[in-house]
Asker: 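Please find one structure pasted underneath; my questions will follow.
Both counts, for ligands and for their atoms, begin at 1 and track the order of listing.
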Amino acid sequence: MPLSTFIYSGYPTGMNLEIAGNVQGFKQQDGILTIKTAEAEARVYIYSPTIIRVSISKNFNPDDPSFAVIRQPLADFDFDESSANIDITTPALKLSIQKSPLRFNFFTAAGSSLSEDDARFGTNWQGERVTCYRRLFEGERFIGLGEKTGNLDRRSAAYVNWNTDAPNHTPESDPLYKTFPFFIGLHSGLTYGLFLDNTHKSYFDFGASTDEETSWFGADGGDLNYYFFGAQGVAKIIEDYTWLTGRMEMPPLWSLGYQQCRWSYMSADEVLNIAQTFRKKQIPADVMYCDIDYMDDFKIFTWNKKTFPKPKQMLDKLKAMDFRLVTIVDPGIKVEEGYKEYDEGIEQDYFAKYPDGENYTGYVWPGRCHFPDFFRGEVREWWGAAFTALTQPGVEGFWNDMNEPAAWGQNIPWIVKFGDKFMPEVRNAYGMQMARATYDGTRKIMGNKRPFVLTRAAYSGTQRYSAVWTGDNTGTDAHMLLGQRLVNSLGITGMSFIGVDIGGFSGNPTPELMVRWNSLGAYTPMFRNHAIQGSKMREPWEWGKNNEQTIKKDIEQRYKLLPYLYSSFYQSTQTGLPVSRTLAIEHSFDGNVFDERFQNEFMFGDAMLVAPVESTKLTEDVYLPRGSWYRLSSDKFYEGEQIVNVQAPLTDLPVFVKAGGIIPMQSVVQSTNEKGDGILQVHVWNGREANSFIYYEDDGVSYDYEQGIYYKRVISFNPIEKSLSLSSVEGSSKSRFMQLKFVLHGFDGVKLQEEIIENKSGEIEVKL
Ligand code: MIG
């Protein structure tokens, strides 16, 4: 058969264009259909009726490693061969493989085209760089790629994945800190997803630079290894993607409380003083942070003897005030003999190396540093065990920074080796492996307690180990809105537990922006106020009496919502659906959702729609999608599918509840450790359609829920039967709430049920 290898004389040597050409033969073995062309081998695997994997390689690695994927393919499958095609059909999806030249085209079971190779170019290589060119459909939109700037709809944009320390990034910068090579395509009323599982520097172009016929993606090396998702509905694709790459665990309840951070609180006294001030002013909070200055000379796993002389004493005092502490750890280990981690790392050979065996040295905060090789199991073990220096005094949260990895100058030489790979191949997974080592290690040391891990760099699958935050943003309105888009987009790629630096890391927000951003923070999965060194103090009381009251009220709102929020996180653990959801998940073909005026709006859990508003605007146009809605603060009713202009004073961020919405709330507490009044308030907003909500509780701190020690019941609203009910309790735990109260909104003529009833574990039903 003819080789379709073209050699363009204009290319530099070694940049031949090689196109995966005509099929020469194929065979199926162990659930893998292998297809050979003269230039390449393609492998096809089926993971589920809606997930098909295609991996096209010049040199296939039989180890077939993946940092992201935790599932195995199914056994052998059937296919049909004709002279032109090999067709694989599942109950949901058809992959038609064209033989001459080799092309991969995906259809729904009913035969509608979902995604096709570009008929002209397909998959090809230039040197080691592999690219797949695909047909761009009319009106096709793209969402996803995680932490990427730009619009919700990524059509006409192009992105690079190359984990980067990006201080002072702008709302246009790319790349940032994380790599999630997973996007969802929307066209013709159809949905599909595509995950390019390749950790090399990778590229996505959604029709940014072509004549509206081609989109493309690829990587600087490795295989064109992708998982195709054919489920119909964005939520189902997210469910499949997180089935494949894993879901988060229940976070410790305290980590959902308000978190106060700063680079840095410079001493134990300052940390305690800030914590005390929260309690004195009765502003709820759960978490204090120590940034890099708690260490002795920036040496990881040490404490500064002068400023943090008695860590255990500080932690005991924090604990007595119901505060938890999170401390930062960077990967860079200071080159200094006598420093435990340095000595051990040298002795055991735990650091990343040049090919001649010399340890790589880069400059970061401690000066000259070596970098743990987190790609090796024994190094991860060692790193994980070292956390006793922090857990013994009582630290429960571990903040992984600088793990892109960052070295001053950013440009780690390409010959540095991690595991048996050179840096360019695995850089994008370094942060994830650090978070993995941190999570595995601290989980082991802390026994039955849940650690809280937070990482800046990440790769697909990181949700299994860690929360993320979006790095060094700036104190401007544009960054507040960008931050929300990043959160919403990360939610599409499996990350549910996300924070942004509330107030903006760099610069100083205006008081108005601080107040506004804090009100949005109450509806951010991780609610953390953080600021750069040298900036003005940021704590809630730094903004004048009136603003302090507003900030306090919004933090109180967060605490009231904890029962709803915790259940929403439970939903993330079960289905992968994020807590903060772009409207594109449910309203994927509603053009208004992608309108730049409305693209930052999101659902916070099942029932609430939040519209971020710049601090300079006191009214705002909000798009309410299909359904009907109530303003949370006033119960004012709105029909959906319209743009409404609403009041948006700094004291009242526009938040709406879906008709039929069910939101369990609690009384204000000062920390998640407090019991409150013991009453679960079940708020329900009237609607025409029946609705239900899965309510979940457990002890909030341990892994006992894995043994069935949890408390779960379905809360239902039925407008036809005019009833509210709670199913009988599943799980062997007791509720924190001894009593129940229904709070009804929008039920004209129905007597308000303000009555407080016993929260008994059998079925409960009340008639409206
Ligand atoms: O070079 O630890 O993104 O949150 O406060 C800066 C100091 C290092 C960057 C993090 C930021 C943190 C800061 N770190």
Asker: Decide whether a cation-pi geometry holds between Lys417 and Phe422; the criteria are a distance under 6.0 Å from NZ or CZ to the six-membered ring centre and an angle within 45° of the ring axis.
Answerer: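 Flagged: Lys417 positioned over aromatic ring of Phe422.
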
Asker: Take Phe180 and Tyr459 through the test ring pair (Phe, Tyr, Trp, His ring centres under 6.0 Å) and record every step on the way to the result.
Answerer: CA-CA 6 Å; Phe180 294 93; Tyr459 179 72; 7.5 Å; no

Asker: So that I can tick it off, tell me whether Asp501 and Arg528 are bridged by a salt bridge, with the cut-off set at under 4.0 angstrom between side-chain N and carboxylate O.
Answerer: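 Salt bridge present between Arg528 and Asp501.
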
Asker: Which word best sums up how the rings of Trp303 and Phe308 line up, parallel for under 30°, tilted for 30 to 60°, or perpendicular for over 60°?
Answerer: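 Aromatic pair Trp303/Phe308 classed tilted.
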
Asker: Can you sort out which atoms of ligand 1 are near Asp472, meaning under 4.0 Å from one of its heavy atoms?
Answerer: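 With Asp472 as reference, the close atoms of ligand 1 come out as 3 (O), 4 (O), 9 (C), 10 (C), 11 (C).
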
Asker: Should you measure from each heavy atom of Trp469, which atoms of ligand 1 turn up under 4.0 Å away?
Answerer: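 Answer for ligand 1: 3 (O), 4 (O), 10 (C).
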
Asker: Please work out whether the ring planes of Trp263 and Trp365 are parallel, tilted or perpendicular, with thresholds of 30° and 60°.
Answerer: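 Aromatic pair Trp263/Trp365 classed perpendicular.
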
Asker: Give me the nearest non-hydrogen protein atom to atom 7 (C) of ligand 1 as residue plus atom name, then the distance to 0.1 Å.
Answerer: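 Heavy-atom neighbour on the protein nearest atom 7 (C) of ligand 1: Asp291 OD1, 3.3 Å.
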
Asker: Pick out which of Glu539, Glu542, Glu548 makes a salt bridge (charged side-chain N to carboxylate O under 4.0 Å, His left out) with Lys281.
Answerer: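 Only match with Lys281 under salt bridge (charged side-chain N to carboxylate O under 4.0 Å, His left out): Glu548.
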
Asker: Numbering the atoms of ligand 1 from 1, which are under 4.0 Å from a heavy atom of Phe505?
Answerer: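 In order of numbering, the contacting atoms are 4 (O), 5 (O), 11 (C).
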
Asker: Can any side-chain N or O of Arg538 pair as donor or acceptor with the backbone N or O of His530 at less than 3.5 Å?
Answerer: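 At least one qualifying donor-acceptor pair exists.
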
Asker: Minimum distance, heavy atoms only, to atom 9 (C) of ligand 1: which one of Thr470, Asp165, Asp401, Val364 is it?
Answerer: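 Nearest heavy atom to atom 9 (C) of ligand 1 lies in Asp401.
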
Asker: With the threshold set at 4.0 Å, does a side-chain nitrogen-carboxylate oxygen contact exist between Glu249 and Arg443?
Answerer: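 Yes, this pair counts.
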
Asker: Is the closest N or O pair between Arg528 and ligand 1 shorter than 3.5 Å?
Answerer: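 For ligand 1, there is no N or O atom that lies under 3.5 Å from one belonging to Arg528.
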
Asker: Any atoms of ligand 1 less than 4.0 Å from a non-hydrogen atom of His530? List them with their elements.
Answerer: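 Going through ligand 1 atom by atom, the ones under 4.0 Å from His530 are 4 (O), 5 (O), 11 (C), 12 (C).
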
Asker: What is the closest protein heavy atom to atom 1 (O) of ligand 1, and at what distance does it sit?
Answerer: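 For this ligand atom, the closest protein heavy atom is Trp365 NE1, 3.0 Å.
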
Asker: Report yes or no: does a heavy atom of Tyr289 sit under 4.0 Å from some atom of ligand 1?
Answerer: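 No; Tyr289 lies far enough from ligand 1 that no heavy-atom distance drops under 4.0 Å.
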
Asker: Using a 4.0 Å cutoff against the non-hydrogen atoms of Met402, which atoms of ligand 1 qualify?
Answerer: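 Under 4.0 Å from Met402, ligand 1 has these atoms: 1 (O), 8 (C).
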
Asker: Quick one: look at Ile328 and ligand 1, take heavy-atom pairs under 4.0 Å, and tell me if it's side chain, backbone, both or neither.
Answerer: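 Side chain only; the backbone of Ile328 stays clear of ligand 1.
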
Asker: Side chain, backbone, both or neither: which applies to Gln533 and ligand 1 if a contact is any heavy-atom pair less than 4.0 Å apart?
Answerer: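 The answer is neither; Gln533 stays 4.0 Å or more away.
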
